[in-house]
Amino acid sequence: AVSHQLANIPKNPEATDTQRCHDNLCRALTLPYSLSHCHNQTFTAWCNSHLRKAGTQIENIEEDFRDGLKLMLLLEVISGERLAKPERGKMRVHKISNVNKALNFIASKGVKLVSIGAEEIVDGNAKMTLGMIWTIILRFAIQDISVEETSAKEGLLLWCQRKTAPYKNVNIQNFHISWKDGLGFCALIHRHRPELIDYGKLRKDDPMTNLNTAFDVAEKYLDIPKMLDAEDIVSTLRPDEKAIMTYVSCYYHAFSGKQKAETAANRICKVLAVNQENEQLMEDYEKLASDLLEWIRRTIPWLENRVPENTMQAMQQKLEDFRDYRRLHKPPKVQEKCQLEINFNTLQTKLRLSNRPAFMPSEGKMVSDISNAWGSLEGAEKGYEEWLLNEIRRLERLDHLAEKFRQKAAIHEAWTDGKEEMLQQKDYETASLSDIKALLKKHEAFESDLAAHQDRVEQIAAIAQELNELEYYDSPSVNARCQQICDQWDSLGVLTQKRSEALQRTEKLLETIDQLYLEFAKRAAPFNNWMEGAMEDLQDTFIVHTIEEIQGLSTAHEQFKATLPEADKERQAILGIHNEIAKIVQTYHVNMAGTNPYTTINPQEINAKWDKVRQLVPQRDQALIEEHARQQNNERLRRQFANQANVIGPWIQTKMEEIGRISIEMHGTLEDQLTHLRQYEKSIVNYKPKIDQLEGDHQLIQEALIFDNKHTNYTMEHIRVGWEQLLTTIARTINEIENQVLTRDAKGISQEQMNEFRASFNHFDRDHSGTLGAEEFKACLISLGFDIGNDAQGEAEFARIMSIVDPNRLGVITFQAFIDFMSRETADTDTADQVMASFKVLAGDKNYILADELRRELPPDQAEYCIARMTPYTGPDAIPGALDYMSFSTALYGESDL
């Protein structure tokens, strides 16, 4: 190999890296070696990677550069410069002129060409042509690579080593055997584009997979052509160094541009971040300074207020507010003031270090302004706490005496609270005898308690006098409260004596009345129970179904009416006892607001219940008479409904069966069947008045609240459901025949075919439901000649057919779906291929079509319909705006998704 021969050629220590490589190549070209397939493939791919930018490429590196035209174009693309205008003639002299222009341009870039002449290139000398291309690669693809001032080759090697350093099993030491396992190429791609390769799944013992993965990814995503062959690299003991260097240099150029852009972006982001941080610090300083100055402005007037309060509580609240200010409100502001100064100094330092102008706060917000305002705050603070404490000591002396007055007054007022109301109560007027005795004992205890509170009243008066002498600020309220206590005390003494006399008088009257109450209770209770039972029986509802049951209830009612005179005598005796009690109350003016302690029954209740019993008796008589008449009418309604229902129910069932036979038997043509069914429908509709008449009878039964009928098994609900099913069945059957006519006429199906389809469908419709299950449908298709086997191919074909006839996957196939499928299978219809061919005509024989072409050839609404649903065309000949009419055509026929 050339690389082995070059390694043995002595180097010129004074030559540059490019000159040294070129000199070694020129000497190697004179040695007897065979140009490898690897060189040819790699150099051809490298040239095409640049020529593609100019819209061309080469197929044979030895032949395609002979006229010099593509060679000059290659140099213009990789250098970015314009060469001299090429000769367009085809004579040898023109070709030599073009090649010389290219060689002169190479020489002008500092490359010394030895033993490479235009004649050799024009003659197709493979060695010289490959040598010239390698010289171009060295100068334009490798020479500019430099890492830490190393030579081109060493710089490229160092770049590879640094980029692959973090990857296991990758050790790049040269440009031949270090790349055999393919991990080096994969590592370079993964380091810059980790989303393209899952590096963790690669194995060092699978070089073919690694190499092909890297070559395919680089070609697809990095626009690096496939210059190397994986099999050649794996099968060669020492891969060609020039080919590897050429291919790796493409990786360097592909990634270096991205790295420069990232570096520039990072520099801009860093500068902007510093500027944004400084602006944020300035905004924070301005806000913090404004907030702190506003707080100082609000606080100073509060500290300068020296208006005293009249109460101890108010002064203590002032002191507590001041302590809260010292403990809670001021410390955070001290911290804010300190932080403000720190932030200001930090900001100025950052601005100075980043070469920015110094920060100048808004007017009045300088650090010195804040310090001056803070000094004013602390000046107002001095003496405020001492003033508060002196005021509190002064009020404490008066408050102690006032508090003593309030405590004693509150205790006395709490004791007297409600006492006047209690003594003025007339509770004894409505109390029972036992309650009066209890009230007397309670009143005696109160009189003893009243005498014990005399000393406290005298103490309260003495304290009030002392507060007046000391000129207490709230003396008027103290005096008013003291006077109120004294006046109330005198009133309590008078009321106590009056209540004692009233209680003793009432006790004597109530003992007499209590005896009469007891006698009333003993006789009223059993009489009241008898009346309640009678009212319950008279109001009890009854449910009967026969005349005999009504007659039994009437006999029991007559027996009850015979007991009423004796009951009235007992009522009069009980009311006499109550009248005697009322006479005593009226004579001695006793207030009988209370009730009989021995019973809750009163004369009004007894009279009311007696009147109710007498009122219910004739009502019961009338109810029994009306129920007897209602039962007779109900029986008549039952028989009337049953007579009609027993005729209509069987008629509906018979009609349903007849329609079912008509839809299955297929007598005559479809038109004959349709005519017969419509006549049948008319006869059914004419039966509707009888249904309406039955509805009227049913409404009468419902209004009479009749819920059973022993004369018939049919209910109105049965009749309604049967009638609705009958109408639905005849309408559906007519619709099915109409659809069959439409299908037959549209698809050109003969009457014999329709009869055959119906006969097959009916044969496999075992349950006569009008539908076929999946297995029944499959058997029906086989009977009609469809080849549906039990193998995988047959199952797939049957699944395709089921998706057509049962798109909603309900598991059943209607006769209409069956007819549609059979007509589709037997009729001549358009296909996706025919539509595709039509689109191709509109597109001018292209594999895609443009929106303008659709709008030009189709009506506007149909053109916009196609444009909205066609996907972009992605073939190799695609242009901007190209639409894929092929996938659109297949989607129209359900062969793909729109």
Side-chain angles (χ1 to χ4, degrees), residues 533-562 612-663 677 679-733 768-769:
M535 287 190 296
E536 182 178 353
D537 292 339
L538 291 171
Q539 295 180 96
D540 186 23
T541 59
F542 50 82
I543 300 176
V544 296
H545 301 88
T546 65
I547 302 298
E548 290 77 11
E549 292 176 350
I550 288 296
Q551 291 174 346
L553 292 175
S554 299
T555 301
H557 182 61
E558 292 298 327
Q559 293 173 354
F560 167 75
K561 289 193 293 183
K612 183 66 175 177
V613 169
R614 293 178 63 83
Q615 179 184 357
L616 290 173
V617 169
Q619 292 178 2
R620 184 73 166 184
D621 291 335
Q622 183 64 29
L624 291 172
I625 294 171
E626 292 175 354
E627 180 60 26
H628 187 275
R630 193 176 70 85
Q631 287 298 325
Q632 290 179 330
N633 184 62
N634 287 353
E635 183 66 16
R636 180 184 61 79
L637 292 176
R638 288 190 185 96
R639 292 181 181 278
Q640 180 176 327
F641 178 85
N643 291 336
Q644 294 185 74
N646 288 335
V647 173
I648 294 175
W651 181 85
I652 291 175
Q653 183 64 32
T654 301
K655 294 301 178 182
M656 289 287 290
E657 294 173 357
E658 291 176 357
I659 293 172
R661 287 195 298 272
I662 292 173
S663 64
L677 284 172
Q679 294 174 351
Y680 213 80
E681 180 184 30
K682 184 176 180 181
S683 67
I684 291 173
V685 172
N686 291 335
Y687 200 79
K688 182 65 165 56
K690 294 185 178 182
I691 303 296
D692 295 338
Q693 182 180 356
L694 189 63
E695 283 281 5
D697 293 342
H698 176 67
Q699 183 176 354
L700 295 176
I701 286 179
Q702 285 185 324
E703 292 173 353
L705 300 179
I706 300 173
F707 301 107
D708 61 342
N709 192 341
K710 64 182 179 180
H711 305 295
T712 181
N713 293 326
Y714 290 100
T715 66
M716 193 63 225
E717 185 62 26
H718 293 153
I719 299 299
R720 287 196 196 102
V721 172
W723 177 253
E724 292 171 357
Q725 289 180 347
L726 179 61
L727 293 177
T728 302
T729 301
I730 186 64
R732 184 171 58 245
T733 305
H768 304 291
S769 63

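Because the structure is a prediction, the values reported are computed rather than measured. Computation of the quantities below employed the complete heavy-atom set of this structure, encompassing side-chain atoms and omitting hydrogens, waters and symmetry-equivalent molecules.
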Legend entry - Over all atoms of both residues, closest heavy-atom pair of Trp723 and Ile684: CH2-O, 3.1 Å
Legend entry - Spacing of Leu726 atom CG and Gln653 atom CD [to the nearest 0.5 Å]: 10.0 Å
Inset, instruction - Please assess Glu635 against Arg639 for the test salt bridge (charged side-chain N to carboxylate O under 4.0 Å, His left out), listing each intermediate value before the final yes or no. - result: CA-CA 6 Å; Glu635 183 66 16; Arg639 292 181 181 278; 3.5 Å; yes
Inset, instruction - With rounding to the nearest 0.5 Å, note down the distance linking CD1 in Ile652 to CD in Glu724. - result: 10.0 Å
Legend entry - Euclidean distance, Lys655 NZ relative to Leu727 CG, rounded to 0.5 Å: 13.0 Å
Legend entry - Residues in ring pair (Phe, Tyr, Trp, His ring centres under 6.0 Å) contact with Tyr687, at least two apart in sequence or another chain: Trp651
Legend entry - Minimum heavy-atom distance between Ile719 and Ala645, given as atom pair plus value: CD1-O, 4.4 Å
Legend entry - Gap between atom CG of Leu616 and atom CE of Met535 - 0.5 Å precision: 7.5 Å
Inset, instruction - Could you tell me whether the side chain of Asp540 and the main chain of Glu536 form a donor-acceptor pair under 3.5 Å? - result: no
Inset, instruction - Hey, could you give me each pair passing salt bridge (charged side-chain N to carboxylate O under 4.0 Å, His left out) that has a residue in residues 620-629? Not counting sequence neighbours. - result: Lys561-Asp621, Glu627-Arg630
Inset, instruction - May I have the step-by-step check of side-chain hydrogen bond (donor to acceptor under 3.5 Å, both in side chains) for Ser554 and His557, ending in yes or no? - result: CA-CA 5 Å; Ser554 299; His557 182 61; over 6 Å; no
Inset, instruction - Measure the CZ-CG distance between Phe560 and Leu538 for me, rounded to the nearest 0.5 Å. - result: 4.5 Å
Identify all side-chain donor-acceptor contacts of residues 698-708 below 3.5 Å with residues at least two apart in sequence or on another chain.
residue	atom	partner	partner atom	Å
His698	NE2	Gln702	NE2	3.0
Gln699	NE2	Glu703	OE2	3.2

Inset, instruction - Check the surroundings of atom CG in Asn713: do more than 12 heavy atoms from other residues, nucleotides or ligands lie under 6.0 Å from it? - result: no
Legend entry - Rounded distance [0.5 Å steps], CD in Gln640 versus CD in Gln693: 8.0 Å
Legend entry - Main-chain N/O of Arg638 paired to Asn709 side chain as donor or acceptor, under 3.5 Å: yes
Legend entry - Close side-chain approach of Gln619 and Gln622, heavy atoms under 4.5 Å: no
